[in-house]
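Below is one structure; the comments refer to it alone.
Everything quoted here is computed from the prediction, not taken from an experiment. Only heavy atoms go into these numbers, but all of them, side chains included; no hydrogens, no water, no symmetry mates. Lettering follows sequence order; numbering is per chain, from 1.
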Amino acid sequence: MAKPETGKPILPKARLPKGMRDVPAAEVRAMEKMLATIRGVYELYGFEPLATSAIEFTEALGKFLPDQDRPNAGVFSFQDEDEEWMSLRYDLTAPLARYVAENYDALPKPYRRYQTGSVWRNEKPGPGRFREFVQFDCDTVGTDNVAADAEICIMAADALEALGLKGNYVIKINNRKVLDGIMAVIGLSGADNFVRRLTVLRAIDKFDRLGSDGVRALLGKGREDESGDFTKGADLTEAQINPLVHLLEGTTFGVIMGSNFDAVNAWKNDPQFNVNEIYNSGIDELRRMAELTNAAGYQNDRIKMDSSVVRGLEYYTGPVFEAELTFDTVGDDGKPVRFGSVGGGGRYDGLVGRFRSEAVPATGFSIGVSRLYAALKQLGKLGADKALGPVLVLVMDKDRLGDYQKMASTLRQAGIAAEMYVGTSGMKPQMKYADKRGSPCVIIQGGDEKAKGEVTIKDLIAGAKAAAAITDRAAWTEGRPAQVQVPEGKLVEAVREILARHT
RNA sequence: GCCGCUUUAGCUCAGUUGGUUAGAGCACCAGAUUGUGGAUCUGGGGGUCCCCCGUUCGAGCCGGGGAAGCGGUACCA
C-alpha cells in the first residue's frame, strides 16, 4: 500500500480473535483422516450422518435467552433483521433435539445419527481449550432402553481403538439416578436444595483431580486453591459428607478393582442407600449395562463403572459416560501433560421434550476432536510423515508457459499431483519454492533441453542428501546431483520412478 | 469472575543513572557467485517500544489508570 506523504495509512492489525485457531495443512489432513476413521466405526454400527446448520434460533438452543442486551455469556449471539435472536451452536445435541422435534414423524424410531462439526463457546479460552472446536457426536433418539446406552459405550470404545488407543483409554460409566438417590438419602432432595445439589455434583466431579480431601472441603465449608481463589462449599455436615466420600473412595461400595458386576453388586447391596427407589433403578440400569457390555466382550479394562463420573450438570437424566485417556506424556515445555477426558455423554430424556408435549428419550456421546487429536499427536499415532508436495514444473522461459502448462497437465492426467510455477521469479527462487512445498522433484526444460527434445528431472529429496556433503561453491554449482535428462515422451515414466523411491 | 506473571521488528530477545535518527540474532525479500535448494558476500523491507494520562527541558525506561496475552482457578450446556 502506498504511503501518503503526510503519514502512514492506518492498517488493520492482522490478528485472530482469541480462542480461535488457524489449522495448517498437515493438521487438516491428519484431522480428516481421523474423522474418517471414527465415521467408519459409526457407519458400521448403522448410524447415519446428519448435518445441521451452525446457526439456530437462540430460543431453540435453550437456556441462553436474550433478556437484556445480548446473551453473550457462553454463546455467540446476534439479532436477525426481524430482531429475532440467533446463536452459533454451542454443541451438536441441542440442534439434534430441534431437528428431531421438527421432523419427528418422518424419522425412524429409534433414530440413530452421527454428526461432526465446529461448535462455538463464548468463554475464556485456556490451554487446549478454544472458543471454536470440533465435536463428533453420535446419538440414539426415541428409546429409553439402556441397550442404546450400552451400545453407544462400546461404539465409543471401538472408535478409540480404531484410532490406535487400545490400552490407553477407559470409558467410565455412572448413573445420575444413583447420585440423586444418595443425595435424597442424605436429605438433599426437594426444590430448595437444588443449588446445593449442583454444588455437590461439581465437588464429586473434581474427585479425580482433588482427591478425598479436596472434595471434602468442597462439600463442607469450601476450598482455597494455590492461586488464592476461594470456592464456596456445599456446607454439608460430616454425616452427610462421609457417605459421599466413601462412595468415591470405593470403600463403602467396595471392589472398584473387581469386575463391573462386582462393583454394581456392591453398590446394589449397600444397606445405607438401597432403600431409595431412584437409587435402585439407577443401579439396575448400571447392572443391565454391565451385562450388555460384558456380553459384547468389553471388560472393565475398557468400560468401567466409576462412581465419580458426573458430566454436565443439568440435562443428563440417567447413565452418564466419560472417555478418559489413561496415559501421561511430557509436553513441549517439559511439563507432564495429562489429557484426561476426550469425550463424554449420557442419557438426556428431557431435551427433545422441550419442543413437544410427549417425552422423547435419547442418549448420546460426544468426542472432543481437537483434544483427541492433540493426544494422538503426542502418542505419535498420526503417521507423522508429512505429505509430499506437488511435482513442480519450472518456468525457464517466460514465452513458453503453454509448454510448461502442458507438462503439468500430462502429469495430472497420469494421476500425479503437479503444478506449473505461477509466480514471477527466476529459477533459484523457483527451486526454493519447490523445496518449501516439499516437492519430490522438479521438471526443468530450458533452451538446452528444448533443443534436444528432452526434459531434466531433478530429484529434490535425493538431491538434498547428496548436497549435504558439498561445502564449496564450485562443487555445488557443478555437482547437480540427482538429476536425469529424458526424452519429453518419457516424462511421466521418469517421474513415477522418482516417486516410487520416496513413498 | 478471582489470583499471579508478562507486553520493544514476523520470531527470540538486548536496550546503561531518563538524553540525538531504538538495536542484535533468526526469518523474509532482492542482487552477486553469469541454469539449480545449501554455504558465503552485499543490499533491502519491516517498529504507534501495548494504550491513555501524569512527572520532566526530554520517557522504551519513572508514577497512576486501562487493555491484551500467558498460567492457575472458577464456570463449562
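- Stretches of at least 3 consecutive Watson-Crick or G-U wobble pairs, with each checked distance under 3.5 Å, appear in RNA chain B as B:1-7 with B:67-73, B:10-13 with B:23-26, B:28-32 with B:40-44, B:50-54 with B:62-66.
- Checked against side-chain contact (heavy atoms from CB on, under 4.5 Å), A:Glu123 has the following partners two or more places apart in sequence or in another chain: A:Arg121, A:Arg129.
- When the P atom is compared between B:A9 and B:A22, the two are found 14 Å apart, to the nearest whole Å.
- Comparing B:U17 with B:C2, their P atoms sit 37 Å apart, to the nearest whole Å.
- Heavy-atom nearest nucleotides on RNA chain B were determined for A:Arg209 and for A:Pro125, and the one closer to the 5' end corresponds to A:Pro125.
- Both the sub-6.0 Å distance and the 45° axial angle are satisfied by A:Arg356 relative to the ring of A:Tyr104.
- Taking for each of A:Lys206 and A:Pro17 the nucleotide of RNA chain B with the nearest heavy atom, the 5'-most of the two is the partner of A:Pro17.
- Applying the side-chain hydrogen bond (donor to acceptor under 3.5 Å, both in side chains) test to pairs two or more places apart or on separate chains, those with a residue in residues 215-224 of chain A are A:Arg216-A:Asn242.
- The distance from atom CZ of A:Arg223 to atom C1' of B:G72 is 11 Å, rounded to the nearest whole Å.
- Rounded to an integer number of Å, the gap from A:Leu201 CG to B:A74 C1' is 16 Å.
- B:G18 and B:G31 have their C1' atoms separated by 42 Å, with the value rounded to a whole Å.
- For the atom pair A:Tyr315 OH and A:Arg176 CZ, the distance stands at 11.0 Å (nearest 0.5 Å).
- When the P atom is compared between B:C28 and B:C11, the two are found 15 Å apart, to the nearest whole Å.
- Residue pairs satisfying the ring-ring contact (aromatic ring centres under 6.0 Å, His included) criterion with at least one member in residues 468-503 of chain A, sequence neighbours excluded, are absent.
- Remark: C1' of B:C75 and OH of A:Tyr315 are 16 Å apart, rounded to the nearest angstrom.
- Counting to the nearest Å, the P atom of B:A74 and the CG atom of A:Leu218 are 8 Å from each other.
- A:Ser308 is linked by a side-chain hydrogen bond (donor to acceptor under 3.5 Å, both in side chains) to A:Asp306, counting only residues two or more places apart in sequence or in another chain.
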Reading 5' to 3' through nucleotides 27-37 of chain B, protein heavy-atom contacts under 4.0 Å coded B for base, S for sugar-phosphate only, - for none:
-S-S--B-BBB
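- Nucleotides B:U55 and B:C61, compared at atom C1', are 14 Å apart to the nearest Å.
- A:Leu61 pairs in a side-chain contact (heavy atoms from CB on, under 4.5 Å) with only one of the listed residues (A:Glu56, A:Met86, A:Arg98), which is A:Glu56.
- Judged as a side-chain contact (heavy atoms from CB on, under 4.5 Å), and not counting sequence neighbours, the contacts of A:Val484 are A:Ile457, A:Val486.
- Take A:Glu27 and apply the side-chain hydrogen bond (donor to acceptor under 3.5 Å, both in side chains) test, not counting sequence neighbours, and it matches A:Arg21.
- With sequence neighbours excluded, the residues satisfying side-chain contact (heavy atoms from CB on, under 4.5 Å) with A:Arg112 are A:Phe47, A:Thr140, A:Glu151.
- Distance check on atom P: B:U16 versus B:G54 gives 25 Å, rounded to whole Å.
- A:Tyr316 has its OH atom 13 Å from the P atom of B:C76, to the nearest Å.
- Note on A:Arg202: every side-chain N or O is 4.0 Å or more away from OP1 and OP2 of B:A74.
- For the side-chain hydrogen bond (donor to acceptor under 3.5 Å, both in side chains) test, no residue two or more places apart in sequence or in another chain qualifies with A:Gln483.
- A salt bridge links A:Asp349 to A:Arg347: at least one charged side-chain nitrogen sits closer than 4.0 Å to a carboxylate oxygen.
- For the P atoms, the distance from B:U36 to B:A32 is 11 Å, rounded to whole Å.
- Taking atom NZ of A:Lys465 as the reference point, atom C1' of B:G38 lies 16 Å away to the nearest angstrom.
- Separating the CD1 atom of A:Ile204 from the P atom of B:C76 is a distance of 14 Å, rounded to the nearest angstrom.
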Got a list of protein N/O to nucleotides 2-4 of chain B N/O distances below 3.5 Å?
unit_1	atom_1	unit_2	atom_2	d
B:C3	O2'	A:Ser227	O	2.9

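- B:G25 and B:G65 have their C1' atoms separated by 36 Å, given to the nearest Å.
- Residues passing the side-chain contact (heavy atoms from CB on, under 4.5 Å) test with A:Phe194 are A:Arg197, A:Leu198, A:Glu314, sequence neighbours excluded.
- As rounded to whole Å, 15 Å separates atom C1' of B:C75 from atom CZ of A:Arg131.
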